[in-house]
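The next block holds one structure in the form of structure tokens; read it before the comments.
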Amino acid sequence: MTPAPTPAPGAATAPAAPPPPPAGRRALRAGPVSWTWRPRTAAVALLVCAALAGLFVRALTAFDDYPMGAADVLAVLAGGGDGGERFVVMELRMPRALTGALVGAGLGLSGAILQGVARNPLASPDTLGIGWGASVGAVLVIVLGGSAGGVSGAAAQFGVPAGAVVGGLAAAVAVFGLSWRAGVSSTRLLLVGVAVSLMCANLVYWAMTWSDLQDAARAQTWVTGSLHAADWERVGTAAAALAVLLPVALAAAATVAALGLGDDAARGLGVRVDAARLVLLTCAALLVCAATAAAGPITFVALAAPQIALRLCGTAQPPPLTSALTGAALTLGADQLAAGLFAPTQLPVGVFTAVLGAPFLMYLIILRHREARL
Amino acid sequence: MTTDRSPSPTGPEGPGPRLRAEGATLGYGETVVTRDLDFAVADGAVTSIIGPNGCGKSTLLRALGRLLRPRSGQVLLDGRPIARTPPRQVARTVAVLPQAPLAPPGLTVGDLVMRGRHPHQSWYRQWSSSDAGEVARALEMTGMAGFAERPLERLSGGQRQRAWISMALAQGTDLLLLDEPTTYLDLAHQIEVLELVRALNRDHGRTVVMVLHDLNLAGRYSDLLVAMRDGAVRASGAPGEVLTPDLVAETFGLECKVVPDPVSGSPLVVPVGVRTEEG
């Protein structure tokens with residue numbers, strides 16, 4: 001179409017340079033690639049990265065009471081150190097810190113997607129039953145696999161993640177299937193999600209009563225959401241999921257932004273609403289399943305991280321990358337507090353996030369109530 | 001708006017109307033709203049669809065904008081059925097502003113208008129120089145350039161509606177479909193939005209179709225009126241031909257007198273009383 005004759009005095013004096021993007025953004029262009037970024041979001045992301053790096057260093061150097069300072073850890077990382085030191089750093093501290101960060105990032109990202117798609121800050125894998133669905137799958141594998149000869153080898157390596165994926169996806173399908181009436185209303189979605197969560201939580205506890213004491217104890221540790229048993233396999237599970245799904249989520253950020261304007265407006269902008277929602281929800285559910293498989297259900301990180309990131313960045317919808325970073329920092333920080341506060345007793349990180357998260361959930365509900373009355 | 005009045009550019013190349021419905025049967029769930037409807041959008045004009053509640057005017061607009069898929073029949077855009085055209089391609093030619101769009105709290109005008117460029121973007125091409133130009137122009141055309149950093153909830157009703165129209169304009173389309181753009185606005189803001197619509201048509205050559213409730217405003221700001229009742233088009237033509245006492249009585253069940261508007265000369269419908277439904 002032909003450019004309209006708009007006699008704007010400012011435009012006439014600077015004909016060559018395109019106008020800068022509005023809404024606190026900067027443009028970034030290189031050949032056919034063009035992008036916008038917000039200085040504020042970038043600054044927040046850098047700050048969160050710095051916090052994450054600090055927490056990571058602390059997790060490697062001062063996590064437990066084994067006396068190893070930064071110099072010793074550096075020596076081990078460089079290939080030195082004795083057997084005990086190598087074991088502490090490479091088999092205990094490093095996998096635990098990496099699992100915590102990766103799981104937290106996955107949860108934060110999945111929360112950002114869910115809150116964007118459901119247009120509701122209360123949407124998260126915790127409130128939508130996906131986390132508990134994944135737990136049902138994983139606990140069934142632990143309990144049934146255990147009575148069939150102990151979870152070991154292939155069953156432990158693939159069975160628990162597979163169970164978590166099947167359970168989480170089944171719960172997601174159930175929640176969205178049950179709340180679908182020619183579109184998804186977020187109130188109905190949350191109500192169905194709470195019902196499915198409760199049902200799945202009770203299934204988990206019921207399944208644990210079938211098992212012998214040893215399996216039940218193992219399932220119990222797992223169900224509280226713990227990084228205690230982190231190993232390199234779990235790091236691999238969480239890293240693989242994030243490596244595949246983070247690019248998908250970042251590429252779909254504009255679609256989530258369009259969906260935030262309502263289904264009709266999104267359709268008007270050329271979004272295939274139903275297909276986009278299906279892809280995004282599957283992506284979010286898979287992230288939760290992978291995180292749950294690696295560390296058990298760590299609650300409230302997926303709820304809180306996107307909301308914290310949104311408030312820090314001052315955006316209208318949760319920024320995906322910053323939410324992931326915030327989730328990672330939250331989980332690492334919570335794990336260190338949970339392990340250190342009541343030392344020598346180590347609280348599972350899931351218990352700790354639940355205790356911290358409950359007041360945050362109430363805060364969000366009160367805030368939303370207040371906004372609705374304005 | 002400080003734009004000069006250039007002669008209205010007519011619709012682009014190609015014979016016949018660019019957007020039309022052919023034998024469209026439309027509905028939701030079990031309910032059929034319109035059956036076998038033919039409708040053509042007049043290129044280069046402002047058309048308002050009027051009619052009583054539930055007559056199918058919004059349904060028709062939604063079908064024209066690809067928000068609703070016809071049960072049978074089809075909607076053609078430049079001769080191609082839009083149901084079989086990629087949605088992004090449709091969104092580059094037809095912009096739709098739905099009745100009650102949502103804005104996440106804190107969304108700024110600039111952020112909203114940038115989202116109008118979605119059909120032109122891909123994951124690696126999110127802010128080309130044409131995106132920059134179109135967004136700036138869309139803000140300029142609606143007089144919202146000074147409000148780009150303002151959150152939507154801190155605007156007046158009329159400004160907010162102008163922001164949404166900016167988003168639709170940023171799509172850079174020749175056709176603009178507006179579903180009840182004046183609902184919930186007080187009279188001054190209704191006039192503000194309709195003056196903008198007329199300027200978009202006269203000065204910027206946009207073809208506009210809108211659903212309006214107020215007959216007098218529809219008559220004053222439209223080149224063509226389409227009166228619907230019970231899912232069928234009862235009359236269409238210039239406001240003077242459609243807003244007659246007989247047609248208003250037939251369409252709305254409203255007894256009225258029609259006098260010339262003392263300001264614009266367009267027909268002014270003055271209600272006498274509601275007719276009880278005849279059998």
Side-chain angles (χ1 to χ4, degrees), chain A residues 1-11 17-29 32-37 115-116 119 121 181-182 247 250-255 257-273 310-311 314-318 368 371 374, chain B residues 2-4 6 9 28-29 62 65-67 86-92 95-116 118-119 121 123-129 131-133 135-137 139-141 145 148-149 168 171-174 203-205:
Chain A
M1 66 167 303
T2 51
T6 41
R25 290 172 195 254
R26 304 281 163 77
L28 194 69
R29 288 206 186 87
V33 179
S34 59
W35 210 269
T36 61
W37 60 286
Q115 289 174 5
R119 301 180 202 113
R181 299 265 183 292
L250 292 180
T255 304
L259 283 172
L261 304 178
D263 286 2
D264 271 358
R267 276 195 194 98
L269 290 173
V271 175
R272 294 177 201 267
V273 168
L310 175 144
R311 278 166 177 70
T315 51
Q317 280 163 305
R368 196 169 164 74
E371 275 167 3
L374 280 180
Chain B
T2 55
T3 42
D4 56 337
S6 53
Y28 306 93
R62 284 168 52 84
R66 204 187 192 278
L67 304 185
R88 273 168 187 272
Q89 199 178 320
V90 174
R92 290 195 287 259
V96 200
L97 189 56
Q99 214 171 91
L102 308 167
L107 187 75
T108 59
V109 172
D111 241 329
L112 175 68
V113 178
M114 285 175 75
R115 287 175 196 200
H118 187 264
Q121 293 167 334
W123 64 270
Y124 66 89
R125 211 178 64 91
Q126 305 226 336
W127 192 250
S128 65
S129 46
D131 290 336
V135 166
R137 201 171 305 130
L139 285 166
E140 197 69 45
M141 274 193 247
E149 312 296 323
Q171 281 177 243
T173 64
D174 298 335
D203 306 336
H204 302 287

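Per chain, numbering begins at 1; letters A, B, ... match sequence-line order. Just so it is clear, the model here is predicted, and its values are computed rather than measured.
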Distance (rounded to the nearest 0.5 Å) between B:Trp127 CH2 and A:Trp37 CH2: 15.0 Å
For chain B, find which of A:Ala253, A:Ala27, A:Gly314, A:Gly270 contributes the most heavy-atom pairs closer than 4.5 angstrom. A:Gly270
One option among A:Val271, A:Thr36, A:Leu269, A:Val33 has the most heavy-atom pairs under 4.5 Å with chain B, and it is A:Leu269
Count the heavy-atom pairs under 4.5 Å between each of [options] and chain A, then report the option with the highest count.
options: B:Met114, B:Gln89, B:Gln121; result: B:Met114
options: B:Ala145, B:Gly106, B:Ala132; result: B:Ala132
options: B:Val109, B:Asp111, B:Val96; result: B:Asp111
options: B:Gln99, B:Arg125, B:Arg88; result: B:Arg125

Which portion of [X] sits near chain A, non-hydrogen atoms under 4.5 angstrom:
X: B:Arg92; answer: neither
X: B:Leu97; answer: neither
X: B:Val135; answer: side chain
X: B:Thr108; answer: side chain

Given side-chain contact (heavy atoms from CB on, under 4.5 Å), test A:Thr255 with A:Arg272 step by step and report yes or no. CA-CA 9 Å; A:Thr255 304; A:Arg272 294 177 201 267; over 6 Å; no
Grab the two heavy atoms, one from A:Ala258 and one from A:Ala266, that are nearest each other, plus how far apart they are. O-CB, 3.5 Å
Is any side-chain heavy atom of [X] less than 4.5 Å from a side-chain heavy atom of [Y]?
X: B:Pro87; Y: B:Arg66; answer: yes
X: B:Leu102; Y: A:Leu261; answer: no
X: A:Arg267; Y: B:Pro98; answer: no

